[in-house]
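Notes for the one structure printed next.
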Protein chains: 2
Amino acid sequence: MRISALAAAAGLPLATVKYYLREGLLHPGTSTSATQATYDESHVRRLRLIRALTGAVGLSVQQARAILALVDDPGDDLYATLGRAVGSLPPTAAEPSADDPDPFPRARAALEALDQVYDPRFAAVAQLESALAAAEAAGMPISEERLLEYGRRLREIAAFDLERMPREPHAAVEYTVLGTALYEPVILALRRLAHQDAAARRELGA
Amino acid sequence: MRISALAAAAGLPLATVKYYLREGLLHPGTSTSATQATYDESHVRRLRLIRALTGAVGLSVQQARAILALVDDPGDDLYATLGRAVGSLPPTAAEPSADDPDPFPRARAALEALDQVYDPRFAAVAQLESALAAAEAAGMPISEERLLEYGRRLREIAAFDLERMPREPHAAVEYTVLGTALYEPVILALRRLAHQDAAARRELGA
DNA sequence: GTGATTGGATAGTGTTACTCTCCAATATTA
DNA sequence: TAATATTGGAGAGTAACACTATCCAATCAC
């Protein structure tokens, strides 16, 4: 398959495929001469994955590259790889000042209340802190009761996810990293729809 | 309070405050002369809300304006207002072609399986469809089992949210719209942390 | 052999979220 | 009161981003 066929197969403009190639999101094809290279199914699949990440998940090209790099070439430590993956997912929280003895007080309290591991190096901790701080600044702080409720339900979801993780290490990383990213929009949409469903039932029932 | 004091109180550059004023996110102060106006606490609070929405929630200025307009001036129909609010939240899904008899097959099937209302006019339906399609395109389709599990947990969360909705209509709209937007980053962070917690426990336990 | 296509590079485009500069009209301060 | 600073308002400038377009000589396909 030449490049124009690849673009057609993925339903993308040729210029865009060249762009992804240039940006290193898509691995090069096999050169057959100075002005020719061939591409295969793996390139088509990769383009679909790139579009899923930059489209529905809403990643920037940079962030998508970081995630893809992790999937392509994971470390042997799932925990650390997952940490790095989460770090390259939005929202990107600001780095804490290095000398702050307690840079994430809200997140630490939350995790203690939930009886979960608190590791300030993990990017999601900073994300949680800034999300809690934002809710607070906006005049809608999250009560401990709400936090416990959310935390409990999400731990149930996470347990479900973990149960279904493939055994084989490379597949496990791919599943975990992509599952974190790809299923998040589904989760948000489902919550919004659950709200709508509840509101509709209330409207009709009252 | 003059504009520079307002900017200082909100911790923002003066130019940025002027920008939000120009863009209509922040209501004007009370003019006291041709080159003077005064601002009060409501302006400080509004700036904090704007930053929460554009920062942690990740809205664009356009999207934040749409959300704020809804909070300022909601219709009397909570269901419809919630629908409009969700429509202005990311991710923005493409409009379906008007003549398609079944524009959201995956979302429809999902909602039927969950025994929830299916209303194709609701923006979250399109969002769910594109999220499911993206997961599928990326080679990680969501099984019905997973959908049921996620849907059930998120309905529990939504029920909790609804229980705590204020009775007074204006407050209810504000709670619903801002709660949808502001708590989403918290939910994502909690899921990521639950994964991390589970992975850490497994690492140590094994 | 001739016109189309290729890989590769460079430059241009439209959008977004600020940020800067300027201005004359006021305020504040000395 | 005179010198200095600040204000509201408008316009232009900027940096990042995700493409998109143009160009080129080398090579294909017919």
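Source: prediction; values computed, not measured. Below, chains carry the letters A, B, ... as their sequence lines are ordered, and counting in each starts from 1.
Atoms CZ (A/Arg2) and C1' (C/dA4) sit 11 Å apart, rounded to a whole Å. One atom, CD of B/Gln36, and another, P of C/dT28, lie 7 Å apart when rounded to the nearest Å. What separates CG of A/Leu47 from P of D/dC19 is a distance of 12 Å, to the nearest Å. One can place CG of A/Leu12 at 15 Å from P of D/dA18, the figure rounded to the nearest angstrom. Computed from coordinates, the B/Lys18 NZ to D/dG11 P distance equals 14 Å when rounded to whole Å. In this structure, the CG atom of A/Leu21 is 16 Å from the C1' atom of D/dA18, given to the nearest Å.
Distance check, rounded to the nearest 0.5 Å: CZ of B/Arg48 to CG of B/Leu12 gives 10.5 Å.
Regarding contacts with the backbone of C/dT6, every side-chain N or O of A/Tyr39 stays at 4.0 angstrom or more from both OP1 and OP2. In this structure, A/Tyr20 reaches the D/dC19 phosphate: one of its side-chain N or O atoms is under 4.0 Å from OP1 or OP2. Dashed line: the shortest gap from a side-chain N or O of B/Thr16 to OP1 or OP2 of C/dT19 is under 4.0 Å. A sub-4.0 Å separation between OP1 or OP2 of D/dT7 and a side-chain N or O of B/Ser4 is present.
Nearest to the side-chain atoms of A/Gln62 among the listed nucleotides C/dA27, D/dC17, C/dT19 stands D/dC17. Here the side chain of B/Ile3 is nearest to one of D/dT7, D/dA12, D/dA29, namely D/dT7. Closest to the side chain of A/Tyr19, out of D/dA18, C/dA17, D/dT7, is D/dA18. Taking the side chain of B/Arg51 as heavy atoms from C-beta on, and the options C/dC18, D/dA18, C/dT28, the nearest nucleotide is C/dC18.
Summary of the strand contacts: B/Arg22 and B/Leu14 both lie near DNA chain D, and taking for each the nucleotide with the nearest heavy atom, the more 5' one is attributed to B/Leu14. Closest-nucleotide positions on DNA chain C for A/Ser33 and B/Thr35 were compared, and the one nearer the 5' end corresponds to A/Ser33.
Annotation: cation-pi geometry satisfied between A/Arg164 and A/Phe160 (NZ/CZ under 6.0 angstrom from ring centroid, within 45° of ring axis).
When heavy atoms are screened at a 4.0 angstrom cut-off, B/Ala34 is found touching the sugar-phosphate backbone but no base atom. Nucleic acid contact class of A/Thr54 (heavy atoms, under 4.0 Å, all strands): none. Contact annotation for B/Ala37: backbone-only contact, meaning every heavy-atom pair under 4.0 Å involves sugar-phosphate atoms and none involves a base.
Classification of the B/Phe122-B/Tyr79 ring pair by plane angle, with boundaries at 30° and 60°, yields parallel. Ring geometry for A/His43 versus A/His27: interplanar angle under 30°, hence parallel rather than tilted (30 to 60°).
Between the side chains of B/Asp161 and A/Tyr150, at least one donor-acceptor pair of N or O atoms lies under 3.5 Å.
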